[in-house]
Peer 1: 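Quick one: the structure is below, and I'll ask about it shortly.
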Amino acid sequence: MGMLKRRVMPEDVVINCSRDSKIPEPPAGHQWKEVRADNTVTWLAAWTENIQNSSKYIILNPSSRLKGEMDWQKYEVARRLKGVVNKIRAQYQADWRSPEMKKRQLAVALYFIDKLALRTGNEKEEGETADTVGCCSLRVEHVQLHGKVDSQEHVMELDFLGKDSIRYSNRVPVEKLVFQNLQDFMKDKDPRDDLFDALTTASLNKHLQDLMEGLTAKVFRTYNASITLQEQLRVLTRAEDSLTSKVLAYNRANRAVAVLCNHQRAIPKTFEKLMQKLQQKIEAKKAQVTEAQVEVEKAKADLRTRGENKPKRLLQKQRRLLKLEEQLARLRMQATDKEENKQVALGTAKLNYLDPRISIAWCKRFGVPIEKIYSKTQRERFAWAFERADEDFEF
DNA sequence: GTCCTGACTTGATTCAATATGG
DNA sequence: CCATATTGAATCAAGTCAGGAC
């Protein structure tokens, strides 16, 4: 923001630890702002940062028991949603017909959150912060309705800047009732007006709380991410495949989730170079394949015309061809994989949205070493899950 | 209801470590 | 062996959400 951050002094810092613990000494000649013992919060030290006037905390590592416990609870709430999600979907679909505008807006917003995995979209300080939106703060200018687009009816186009000013741009066919409701919500409004003018994040979450204890908008993201991983793993994994293919299948499933959640990254600076190199390798391999084909044909001809008793030679050539073709296929697969992944960030979903027990169970079931999926710190972070997942775990 | 704030999670980027290849 | 590419961890800003004041 072009502003300078003030140095944090001991006099700014509040220490939070239990009374009977060893209270850390402030640096010589200094005092803490305060020492307190509040076991209703998890932070160890806190101060106020001078740019946005917001609280900053020293917190425990993700591998800590406390953080692990909280992570586990998060996924347990998402699993409870699995039990009631059909009922909730049936209800919001029914509410699309409600005579009450408020109810219809809520029903369509919830549909967005569920189907498109949008964030809830709290109000933000205008001017002070970047102009980004989520579901509840969507404006008319972010939505375009197309009655008919190449054989598809009722197509909705969303285009807005979300968290971290990452662009969300998506074109999806929606149900007729959703389409009609959106037309109604946009009627007689300016582009800058709120799409859901009768809705706030507080009222939305209040409604969700009534449907299920602990349910908030973000639980849908967790639920849909984890259930998508589980489902994709089921579809993409074949027991007889090689380890490499299985890991590739996992990454594909991971990517499906990242795409759903719109987790993007800047295209790596060296991406073009990397692809060119790979393309060269593919061309070289292609040439080898062609060459091998010629040799197979020659061996066949030899066998016929000269009646040579060397079928072994042909077999050899055929085997070589097959191997080269496999290598070419693998290179092509690698290229597709890289291309599809160039703008997609897999880490965020892996760390924050995918119940680690799904991955652990999958590894056990298909004999994939866990190190292929989780790095050392990730394994430490998910220690809680290793204690709780066997190969039969189902999200 | 609206506004405000505290406490927590989520997120892309940056930085550091490790792997790769000429 | 060194330079470069790739991977993994750390960072801290930007979100979510609940609760209290009015």
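Values in this document were obtained by computation on a predicted structure and should not be read as measured data. By convention in this document, chain letters (A, B, ...) are assigned in the order of the sequence lines, proteins followed by strands, and residues within each chain are numbered from 1.
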Peer 1: Checking A:Y353 against A:N224: is there a side-chain donor and acceptor pair closer than 3.5 Å?
Peer 2: no
Peer 1: Expressed in angstrom and rounded to an integer, what is the separation of A:N205 atom CG from C:dA18 atom P?
Peer 2: 5 Å
Peer 1: Under a 3.5 Å cutoff, is there a donor and acceptor pairing between the side chains of A:Q93 and A:Y111?
Peer 2: no
Peer 1: Look at all strands and tell whether A:R381 reaches a base, only sugar-phosphate, or nothing, counting heavy atoms closer than 4.0 Å.
Peer 2: nothing
Peer 1: Heavy atoms only, 4.0 Å cut-off, all strands: where does A:A266 land among base, sugar-phosphate and nothing?
Peer 2: sugar-phosphate
Peer 1: Just to confirm, is there a sub-4.0 Å distance from OP1 or OP2 of C:dA13 to any side-chain nitrogen or oxygen of A:K5?
Peer 2: yes
Peer 1: Would you mind classifying the nucleic acid contact of A:G121 as base, sugar-phosphate or nothing, using non-hydrogen atoms under 4.0 angstrom?
Peer 2: sugar-phosphate
Peer 1: Classify the nucleic acid contact of A:K206 as base, sugar-phosphate or nothing, counting any heavy atom under 4.0 Å across all strands shown.
Peer 2: nothing
Peer 1: Does a nitrogen or oxygen in the side chain of A:R119 sit under 4.0 Å from OP1 or OP2 of B:dG11?
Peer 2: yes
Peer 1: Respond yes when some side-chain nitrogen or oxygen of A:K56 is under 4.0 Å from OP1 or OP2 of B:dG6, and no when none is.
Peer 2: no
Peer 1: With ring pair (Phe, Tyr, Trp, His ring centres under 6.0 Å) as the rule and sequence neighbours excluded, what pairs involving residues 14-44 of chain A come up?
Peer 2: A:W43-A:Y57
Peer 1: Which heavy atom of A:Q105 sits nearest to which heavy atom of A:L199, and what is that distance?
Peer 2: OE1-N, 3.8 Å
Peer 1: Go nucleotide by nucleotide along DNA chain C from the 5' end; which of A:S375 and A:T120 gets its closest nucleotide reached first?
Peer 2: A:S375
Peer 1: Anything under 30° is parallel, anything over 60° is perpendicular, the rest tilted; go ahead and classify A:F386 against A:Y374.
Peer 2: perpendicular
Peer 1: Closest to the A:K163 side chain: C:dA14, C:dA18, C:dT16?
Peer 2: C:dA14
Peer 1: Answer with base, sugar-phosphate or nothing: what part of the nucleic acid does A:S203 contact at a heavy-atom distance below 4.0 Å?
Peer 2: nothing
Peer 1: Picking from C:dC17, B:dT10, B:dA12, which would you name as closest to the side chain of A:T222?
Peer 2: B:dT10
Peer 1: For A:A217, which contact category applies under a 4.0 Å heavy-atom criterion: base, sugar-phosphate, or nothing?
Peer 2: sugar-phosphate
Peer 1: With a non-hydrogen cut-off below 4.0 angstrom, is A:Y353 in contact with a base, only sugar-phosphate, or nothing?
Peer 2: sugar-phosphate
Peer 1: For A:N122, answer base if it contacts any base atom (sugar-phosphate contacts may also be present), sugar-phosphate if it contacts only those atoms, and nothing otherwise; contact means non-hydrogen atoms under 4.0 Å.
Peer 2: base
Peer 1: Scan for ring pair (Phe, Tyr, Trp, His ring centres under 6.0 Å) pairs involving residues 121-149 of chain A, sequence neighbours excluded, and state none if there are none.
Peer 2: none
Peer 1: For a quick test of reading the model: is some side-chain N or O of A:T216 closer than 4.0 Å to OP1 or OP2 of C:dT16?
Peer 2: no
Peer 1: Which part of the nucleic acid, if any, lies within contact of A:I59, taking any heavy atom under 4.0 Å across all strands shown: a base, the sugar-phosphate backbone alone, or nothing?
Peer 2: nothing
Peer 1: Name every residue in residues 69-81 of chain A that has at least one heavy atom under 4.0 Å from any atom of DNA chain C, in order of residue number, or write none if there are no such residues.
Peer 2: none
Peer 1: So what does A:Q209 hit on the nucleic acid, given a heavy-atom distance under 4.0 Å: a base, only sugar-phosphate, or nothing?
Peer 2: sugar-phosphate
Peer 1: Choosing from C:dA9, B:dT9, B:dG6, which nucleotide comes nearest the side chain of A:K67?
Peer 2: B:dT9
Peer 1: Which is true for A:T132 with a 4.0 Å heavy-atom rule: it touches a base, it touches only sugar-phosphate, or it touches nothing?
Peer 2: sugar-phosphate
Peer 1: Looking at A:L177, A:D95, A:D184, which hits side-chain contact (heavy atoms from CB on, under 4.5 Å) with A:R104?
Peer 2: A:D184
Peer 1: Hey, what's the ring geometry for A:W384 with A:F382, parallel, tilted or perpendicular (30° and 60° as the breaks)?
Peer 2: perpendicular
Peer 1: From the options C:dA14, B:dT10, C:dA13, select the nucleotide whose nearest atom is closest to the side chain of A:D164.
Peer 2: C:dA14
Peer 1: Can you find a side chain N or O atom of A:S54 that sits less than 4.0 Å from OP1 or OP2 on C:dA13?
Peer 2: no
Peer 1: Return no unless some side-chain N or O of A:Q264 is found under 4.0 Å from OP1 or OP2 of B:dG11.
Peer 2: no
Peer 1: Pick the nucleotide of DNA chain C nearest each of A:K218 and A:T377; which residue has the one closer to the 5' end?
Peer 2: A:T377
